[in-house]
Chemist: 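Dumping the structure here so I can ask a few things about it.
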Amino acid sequence: MTFRNKIQISIWGVVLSLLVITFFIINYWTRSRFEETFARELSAGSSTVMVQEKLQSAELLRACSVIAESPRLRAVAEIEDENTAYQLLKEMNQTTLSQVVVLTDRAGRPLVQMLRGNKERWDISGSETIQNALLLISSTDVSSIGGRIYRIVSVPVVIATELVGTLTIGFEITSADLAALKHITNSDLVLVHRMTPILATFDSAEAVSLASAMGPGPWNTPPTERDSAVTPIRLSTGSETYLETSFRLNRPATDDSGTVAYLMIKPLSREVRRAMASILGTFGIVSLIFLALTTVIGLVISRSMTRPISELVRGTTEISRGNYDYAISVRGKDELGILARRFMAMSSFLKEKINELGKANSDLLERNRDLDETLRKLRSAQEDLVRSERLAATGKMTAQLAHEVNNPIHNIQSCLKTALGRLPEGTKGRDLIDVAYEEVNRLSRLSAQMLSLYRSSLVEEEMKPTNVNDILGEVVILAQGEVQDRNIVLHTEIEPALPLVRGSRDRLKQVLLNLISNALDAMPGGGELAMLASRDNGTVRLTVKDNGVGIPQENLNRIFDAFYTTKGKVSGVGLGLSVSYGIVSQHRGSIEVRSTVGKGSAFTVILPTGE
């Protein structure tokens with residue numbers, strides 16, 4: 001053997017030794033780099049998913065709050081009628097498309113429970129979000145219902161400051177949601193409940209193996225620490241090794257038996273094998289041709305490439321966390337330098353657009369609120385104008401009619417009274433004259449009511465400062481006798497020293513007596529009558545409230561029309577409320593009505609103060 005061959009063999013031995021050593025170094029280095037990169041991606045993905053969950057919860061909370069402010073929903077929750085509540089929620093669900101809808105009363109008892117569009121029943125006694133809503137606290141959670149996972153939000157339903165119930169809506173977490181998160185985080189995900197995979201972005205058998213290998217899991221973190229990212233851990237299932245991180249979605253009350261969590265998975269061994277397969281082919285060919293020189297050049301090139309790539313990955317991690325001001329320190333005029341500068345420009349542009357979008361959304365919401373308030377005031381003013389014009393026209397017509405028939409009525413009344421005085425008791429035909437006399441008297445009272453309607457709608461009254469407390473005292477005294485005769489209990493809550501109002505003392509007394517008379521007629525079997533008086537923002541509020549038969553909702557818009565009545569008695573001609581409405585309108589006030597069939601009615605007269 002020649003010296004040349006020995007040197008050659010030695011060189012080859014050294015080269016082969018270097019190649020073997022280099023192979024193991026590359027294998028170890030590749031695994032370490034993949035593990036480090038995957039750990040960063042899992043941490044960044046975990047933060048991204050957490051931000052996404054918060055945004056979805058906030059959006060769901062706003063939507064549920066808007067629905068809970070619906071006047072129809074408040075009314076349904078207040079009356080606690082299950083059939084009405086079911087029809088309303090079924091109608092609303094056609095717009096919201098939520099899979100879970102629950103409406104409870106003020107005690108937390110369910111009125112309606114709907115699951116995926118169908119009326120269902122399940123136990124909600126342990127729902128933390130509903131308990132919070134009963135305490136006037138809106139909250140969100142993730143819950144399992146019927147083997148499916150739903151994102152849940154509960155808000156209180158309030159009228160004024162009074163809690164009348166709670167509204168809960170929920171949307172199912174679907175495979176499409178996991179696919180979207182996978183696209184954002186570039187990681188496989190598994191949705192687990194009680195250590196059992198519910199959904200996964202990869203093979204279900206592999207997901208079951210991973211959940212079993214994970215054991216109790218790192219989601220035992222208390223709910224107050226949910227915002228802290230969990231450090232990725234390594235899992236082994238047979239020949240495969242994975243990097244995994246997880247975090248809990250829900251808030252179990254006592255233990256982890258009902259834990260719902262996301263698992264974010266990176267297949268470490270599989271990716272290393274895939275990377276090494278491509279590296280080994282190139283490494284073998286290049287090593288045989290270029291030997292040690294190729295190895296050195298390859299190491300230099302790989303080192304020059306991995307450094308800027310690592311910086312780019314670090315930059316994407318910071319930006320995914322919302323740090324749009326992070327600067328990527330990659331220099332040079334090569335492709336990586338251009339990519340870094342374009343990426344920074346994109347980050348700045350994204351930050352600017354997000355700020356503009358937030359400002360535009362805020363402006364739009366403010367304009368919508370102003371528009372809704374303006375439309376509400378316009379609608380109310382239009383209704384008052386139509387009612388006032390109708391009342392004025394009716395008053396004028398009835399006044400003309402009353403004037404024409406008033407004199408003949410008085411003449412007939414006088415003749416019948418004279419005839420009754422001349423005929424002794426028991427005279428044949430006297431009973432017919434008695435009936436005629438009573439009917440003429442009723443016609444005379446109707447004529448007087450017609451004239452009263454005319455005065456309330458067209459004739460101006462002299463307005464002067466009037467003591468409301470004195471009027472209320474006189475009305476209570478006048479009504480006391482009839483209230484006791486009808487077995488009705490009278491309650492009064494009158495604020496002392498109410499401010500003066502400009503108006504007619506007799507007219508205001510007439511309004512209150514009309515409202516009390518209607519309330520007494522609504523309680524033929526007895527009941528409770530309440531008179532309330534208080535001041536509120538430059539007005540005086542006088543309320544007459546009963547627990548009688550109530551007024552159907554479809555009739556509330558007609559009760560102030562002349563000659564409209566729901567009374568069965570002959571005396572009810574339908575002018576009392578029309579006259580009252582005209583008097584209150586002359587006093588620059590308004591009348592509010594709240595009524596529930598079977599529970600009673602409340603009429604509130606609102607008058608501006610004369611101060």
Chemist: Would you please test Ile67 and Thr96 for side chain to side chain contact (heavy atoms under 4.5 Å, CB included) and show each step?
Modeler: CA-CA 9 Å; Ile67 297 173; Thr96 62; 3.3 Å; yes
Chemist: Calculate, to the nearest 0.5 Å, the distance between atoms CG and OG belonging to Leu191 and Ser144 respectively.
Modeler: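 Output value for this atom pair is 9.5 Å.
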Chemist: Do Met114 and Tyr86 come close enough that some side-chain heavy atom pair is under 4.5 Å?
Modeler: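 Sidechains of Tyr86 and Met114: in contact.
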Chemist: Donor-acceptor check, side chain of Asn361 to backbone of Gly358, threshold 3.5 angstrom: yes or no?
Modeler: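 Checking the backbone N and O of Gly358 against the side chain of Asn361, no donor-acceptor pair under 3.5 Å is found.
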Chemist: What's the spacing between Thr140 OG1 and Glu53 CD if we round to 0.5 Å?
Modeler: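 If I round to the nearest 0.5 Å, the distance is 9.0 Å.
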Chemist: Atom CD1 of Ile184 and atom CD of Gln52: how far apart are they, to the nearest 0.5 Å?
Modeler: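 Output value for this atom pair is 4.5 Å.
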Chemist: Would you give the length of the straight line joining atom CE of Met50 to atom NZ of Lys54, rounded to the nearest 0.5 angstrom?
Modeler: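 It comes to 8.0 Å.
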Chemist: So, does Thr374 use its side chain to make a donor-acceptor pair with the main chain of Asp372 at under 3.5 Å?
Modeler: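 Pair absent, no side-chain N/O of Thr374 close to backbone of Asp372.
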Chemist: Counting C-beta onward and ignoring hydrogens, is there a side-chain heavy-atom pair between Glu352 and Glu356 closer than 4.5 Å?
Modeler: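 Yes, at least one pair of side-chain atoms sits under 4.5 Å.
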Chemist: Could you please spell out the steps behind the side chain to side chain contact (heavy atoms under 4.5 Å, CB included) verdict for Leu243 and Ile265?
Modeler: CA-CA 6 Å; Leu243 279 183; Ile265 306 297; over 6 Å; no
Chemist: Taking C-beta and beyond as the side chain, do Tyr262 and Leu249 meet within less than 4.5 Å on heavy atoms?
Modeler: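 Yes; the side chains approach each other to less than 4.5 Å.
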Chemist: Rounded to the nearest 0.5 Å, how far does CD1 of Ile25 lie from OG of Ser32?
Modeler: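 Those atoms lie 11.5 Å apart.
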Chemist: Is Lys266 salt-bridged to Glu244, cutoff N-O under 4.0 Å?
Modeler: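 No.
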Chemist: Tell me, which pairs form a side chain to side chain donor-acceptor pair (under 3.5 Å) where one or both residues lie in residues 63-73, sequence neighbours left out?
Modeler: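 Matches after skipping sequence neighbours: Arg72-Glu91.
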Chemist: Test Leu103 against every option in Thr168, Ile169, Leu89 by the side chain to side chain contact (heavy atoms under 4.5 Å, CB included) rule and name the one that passes.
Modeler: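 Between Leu103 and the candidates, side chain to side chain contact (heavy atoms under 4.5 Å, CB included) is satisfied uniquely by Leu89.
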Chemist: Going from CG on Asp188 to OG1 on Thr201, what distance comes out if it is rounded to the nearest 0.5 angstrom?
Modeler: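 OG1 of Thr201 is found 3.5 Å from CG of Asp188.
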Chemist: Are Phe171 and Gln56 side-chain neighbours, meaning at least one heavy-atom pair lies under 4.5 Å?
Modeler: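 SC-SC contact between Phe171 and Gln56 ruled out.
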Chemist: Using a 4.5 Å cut-off on heavy atoms from C-beta on, say whether the side chain of Leu167 contacts that of Val102.
Modeler: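 No, their side chains stay 4.5 Å or more apart.
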Chemist: Does the side chain to side chain donor-acceptor pair (under 3.5 Å) test come out yes or no for Thr104 and Thr166, once each step is laid out?
Modeler: CA-CA 5 Å; Thr104 73; Thr166 69; 2.4 Å; yes
Chemist: Evaluate side chain to side chain contact (heavy atoms under 4.5 Å, CB included) for Leu88 paired with Leu73, printing each intermediate quantity in order.
Modeler: CA-CA 7 Å; Leu88 177 60; Leu73 182 64; 4.1 Å; yes
Chemist: Do you know the tightest heavy-atom contact between Val100 and Leu115?
Modeler: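 Minimum heavy-atom separation between Val100 and Leu115: CG2-CD1, 3.7 Å.
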Chemist: Could you tell me whether the side chain of Ser187 reaches within less than 4.5 Å of the side chain of Lys182, counting heavy atoms only?
Modeler: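 Contact flag for Lys182/Ser187 side chains = no.
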Chemist: How would you list, by chain and number, every residue that makes a salt bridge (Lys or Arg N to Asp or Glu O under 4.0 Å) with Asp105, sequence neighbours excluded?
Modeler: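 Result, salt bridge (Lys or Arg N to Asp or Glu O under 4.0 Å) vs Asp105: Arg109.
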Chemist: Regarding Glu36 and Arg40, does a basic nitrogen lie under 4.0 Å from an acidic carboxylate oxygen?
Modeler: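 Salt bridge: yes.
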Chemist: Among residues at least two apart in sequence or on other chains, which ones pass ring pair (Phe, Tyr, Trp, His ring centres under 6.0 Å) with Tyr242?
Modeler: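 Testing Tyr242 for ring pair (Phe, Tyr, Trp, His ring centres under 6.0 Å), a comparison that skips the adjacent residues, returns none.
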Chemist: Which residue pairs satisfy the salt bridge (Lys or Arg N to Asp or Glu O under 4.0 Å) criterion with at least one member in residues 163-174, sequence neighbours excluded?
Modeler: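 Checked against salt bridge (Lys or Arg N to Asp or Glu O under 4.0 Å) - neighbours excluded - the pairs reaching residues 163-174 are Arg116-Glu172, Arg148-Glu172.
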Chemist: Taking all non-hydrogen atoms of both residues into account, name the closest pair between Ser143 and Ile152 and its distance.
Modeler: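 Heavy-atom minimum between the residues: CB-CG1, 4.1 Å.
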Chemist: Kindly give the heavy-atom pair with the smallest separation between Glu82 and Leu111, and that separation in Å.
Modeler: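 Minimum heavy-atom separation between Glu82 and Leu111: CG-O, 3.5 Å.
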Chemist: So, using salt bridge (Lys or Arg N to Asp or Glu O under 4.0 Å) as the criterion, who are the partners of Arg369 when residues are at least two apart?
Modeler: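 Applying salt bridge (Lys or Arg N to Asp or Glu O under 4.0 Å) to Arg369 gives Glu366.
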Chemist: Under 3.5 Å, is there a donor on one side chain and an acceptor on the other for Ser98 and Asn93?
Modeler: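 Side-chain D/A pair, Ser98 to Asn93: present.
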Chemist: Could you check whether any side-chain heavy atom of Ile149 comes within less than 4.5 Å of a side-chain heavy atom of His193, counting everything from C-beta outward?
Modeler: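 Answer yes - side chains close enough.
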Chemist: With a 4.5 Å cut-off on side-chain heavy atoms, are Pro156 and Ser138 touching?
Modeler: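 Contact flag for Ser138/Pro156 side chains = yes.
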Chemist: Show the nearest heavy-atom pair for residues Leu178 and Leu189, with the distance to one decimal.
Modeler: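 Distance-wise, the nearest heavy atoms are CD2-O, 3.9 Å.
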Chemist: Can a side-chain donor-acceptor contact be found between Ser139 and Thr129 if the only test is distance below 3.5 angstrom?
Modeler: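 Distance-only check fails for Thr129 and Ser139.
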Chemist: Salt bridge check: are Arg106 and Glu162 linked by an N-O gap of less than 4.0 Å?
Modeler: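 Counted as a salt bridge, because a side-chain N and a carboxylate O are separated by less than 4.0 Å.
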Chemist: Backbone N or O of Trp122 within a donor-acceptor pair of the Gln113 side chain at under 3.5 Å?
Modeler: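 Here the side-chain-to-backbone pair exists.
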Chemist: So, the side chain of Thr185 versus the backbone of Gly45: is there a donor-acceptor pair under 3.5 Å, distance only?
Modeler: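 Not a single qualifying donor-acceptor pair exists.
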Chemist: What pair of heavy atoms forms the shortest contact from Asn250 to Val260, and how long is it?
Modeler: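 The pair with the smallest heavy-atom distance is OD1-N, 3.0 Å.
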Chemist: For a salt bridge (Lys or Arg N to Asp or Glu O under 4.0 Å) check, start with the C-alpha distance between Glu373 and Arg376, then their side-chain angles and the critical distance, and finish with the verdict.
Modeler: CA-CA 5 Å; Glu373 180 64 20; Arg376 186 190 65 78; 2.6 Å; yes
Chemist: In sequence, state the C-alpha distance, the side-chain angles, and the governing distance for Ser246 and Met264, and then conclude on side chain to side chain contact (heavy atoms under 4.5 Å, CB included).
Modeler: CA-CA 6 Å; Ser246 63; Met264 297 183 62; over 6 Å; no
Chemist: So which atom in Arg151 and which in Leu60 form the shortest heavy-atom distance, rounded to 0.1 Å?
Modeler: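 Answer, listing the atom of Arg151 first, then Leu60: O-CD2, 3.6 Å.
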Chemist: Assess whether atom CZ of Arg121 is packed by more than 12 heavy atoms of other residues, nucleotides or ligands within 6.0 Å.
Modeler: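 For Arg121, atom CZ is crowded (more than 12 foreign heavy atoms under 6.0 Å).
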Chemist: For Glu592, give me all partners under salt bridge (Lys or Arg N to Asp or Glu O under 4.0 Å), at least two apart in sequence or on another chain.
Modeler: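 For Glu592, the residues satisfying salt bridge (Lys or Arg N to Asp or Glu O under 4.0 Å) (neighbours in sequence not counted) are Arg541.
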